[in-house]
Amino acid sequence: MSVAEQGCRFGCSLAAVMIRGKFIDRTLLLALVVFLAAAASAPGAQQTPKASKPAKPPAQKAAPTVEPQLEPKAVDLLKAMSSRLAAARSMTFTATVAYESPSRLGPALVYTTISEVTMQRPDKLRVITLGDGPASEFYYDGKTMVAFAPAENLVAVAAAPTTMDAALKAAYETAMIYFPFTDVIAVDPYKDIADGLTLAFYIGQSKVVGQTTTDMLAYVNDYVFVQIWIGAEDKLPRMLRAVFRDDPLRLRHQLELSNWQLDPVVAADAFASSKAGAAMSIPFARPDPKLPPGFRPPARAKPPANPKPSKTK
């Protein structure tokens, strides 16, 4: 037998063994499949439960819409408060203001100021703001407006309108001076509240705020949502919480009013300050940064057109 024939016989035998092995493996596999199929179809056989489809989450209901309405009880309380304030010829109170400001981390930070307010209709106002933050003083006597920073010893003086409402408007438009309690000392407080009023409703009573019993209500106009606590007996505002409607961050502002005195006797010199008169004068203007006249930023240094290569030793 030649080597070729021996190789062929060996190769053919090996191939036959491999083919036979594959045939046996397939036969056994087929028998196993048939056996499993028969066992699965036998009575009492456990059948694998089909995976059930996940249940669909219940559809979320749309937020209920609030129909604009003015509850008579809420409106009556606002009018009673406004009438009490408008009838006072003079008043003093303490205003504690807490307002939120965004932080770098996201959640808002709260800043607080406290002001002692003295007012005499129709044309006199004094606001002494102690802090937090830099102290400030504001005086209005029917002729002039004075903004005084005692720590810096700076004063700004401007001619003023003859009515308090007009003077407060001018102070804001001219120098960005604004007091959150402006509606409290206005000639007609309810007029400012009712401007664009779309919603007002009564909430209930509280015995926590202002150390007295108060009526809680909320009102909404074109620019602000306010919750207010009004004294049940004296009809004086004790606390307000506001969110401005055009504020995308919905930051909250809180005003607490305490130490109320209506129609007190006010000294004639209460609406001026000798220290402010001796301070360094600055313009009564907005606090926007302004460049001095003739100031020009330094010109940028230009690189040479053809820089020469440095010589190396």
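The structure displayed is predicted, hence computed values, not measured ones. What's counted below: heavy atoms across the whole structure, side chains too, no hydrogens, waters or symmetry copies.
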Problem set entry | Working for side chain to side chain contact (heavy atoms under 4.5 Å, CB included), residues V117 and L257 | CA-CA 10 Å; V117 184; L257 302 166; over 6 Å; no

For [X] and [Y], work out which heavy atoms get closest and say how close.
| X | Y | value |
| --- | --- | --- |
| A135 | P150 | O-CD, 3.6 Å |
| A186 | D165 | CA-OD1, 3.5 Å |
| A147 | I177 | CB-CD1, 4.0 Å |
| K235 | A80 | CB-O, 4.2 Å |
| S82 | I193 | OG-CD1, 4.3 Å |
| S206 | M216 | CB-SD, 4.0 Å |

Gap separating the [atom1] atom of [X] from the [atom2] atom of [Y], nearest 0.5 angstrom:
| X | Y | atom1 | atom2 | result |
| --- | --- | --- | --- | --- |
| E233 | T212 | CD | OG1 | 7.5 Å |
| Y190 | K79 | OH | NZ | 4.5 Å |
| L130 | T94 | CG | OG1 | 9.0 Å |
| K275 | N153 | NZ | CG | 9.5 Å |
| I230 | Q205 | CD1 | CD | 11.5 Å |
| L217 | M81 | CG | CE | 8.0 Å |

Report yes if the side chains of [X] and [Y] come closer than 4.5 Å at any heavy-atom pair, otherwise no.
| X | Y | result |
| --- | --- | --- |
| E137 | S273 | yes |
| L249 | P102 | yes |
| L197 | V220 | no |
| P72 | Y202 | no |
| S90 | V266 | yes |
| L109 | Y111 | yes |
| L85 | M91 | yes |

Quick one: does any side-chain atom of [X] pair with a main-chain N or O of [Y] as donor and acceptor, under 3.5 Å?
| X | Y | result |
| --- | --- | --- |
| R245 | N221 | yes |
| Y178 | L168 | no |
| D269 | A272 | no |
| W229 | T213 | no |
| T174 | A285 | no |
| D263 | R89 | yes |

ILVMFWY network linking [X] to [Y], side-chain heavy atoms under 4.5 angstrom:
| X | Y | answer |
| --- | --- | --- |
| V97 | I228 | yes |
| L199 | V243 | no |
| V157 | V127 | no |
| I185 | I114 | no |
| F271 | V146 | no |

For this session: Please work out which of the three classes, parallel, tilted or perpendicular, describes the rings of F244 and Y223, given edges at 30° and 60°.
Result: parallel

Exercise. Does the pair Y139 and L125 meet the rule for a side chain to side chain contact (heavy atoms under 4.5 Å, CB included), with working shown?
Worked result: CA-CA 6 Å; Y139 301 92; L125 176 66; over 6 Å; no

For this session: Take F138 and F148, measure what ring pair (Phe, Tyr, Trp, His ring centres under 6.0 Å) needs, and give me the verdict at the end.
Result: CA-CA 6 Å; F138 180 84; F148 175 48; over 10 Å; no

Exercise. Do Q227 and R241 have a side chain donor and acceptor closer than 3.5 Å?
Worked result: no

Exercise. Do you see a donor-acceptor pair shorter than 3.5 Å between the side chains of D123 and Y140?
Worked result: no

Exercise. Within a reach of under 6.0 Å around CZ of R121, are more than 12 heavy atoms found that belong to other residues, nucleotides or ligands?
Worked result: yes

Problem set entry | Lys/Arg-Asp/Glu bridge criterion (N-O < 4.0 Å) met for D234, R238 | yes

Problem set entry | From CA spacing to verdict: side chain to side chain contact (heavy atoms under 4.5 Å, CB included), F181, D183 | CA-CA 5 Å; F181 47 81; D183 291 346; over 6 Å; no

Exercise. Going through the distances and angles, do Q254 and T96 end up as a side chain to side chain contact (heavy atoms under 4.5 Å, CB included)?
Worked result: CA-CA 8 Å; Q254 179 169 303; T96 303; over 6 Å; no

For this session: Mind checking side-chain contact (heavy atoms from CB on, under 4.5 Å) for A108 and listing every partner two or more places apart, or none if nothing turns up?
Result: E100, L251

Problem set entry | Ring centre gap for Y172 and F179 strictly below 6.0 Å | no

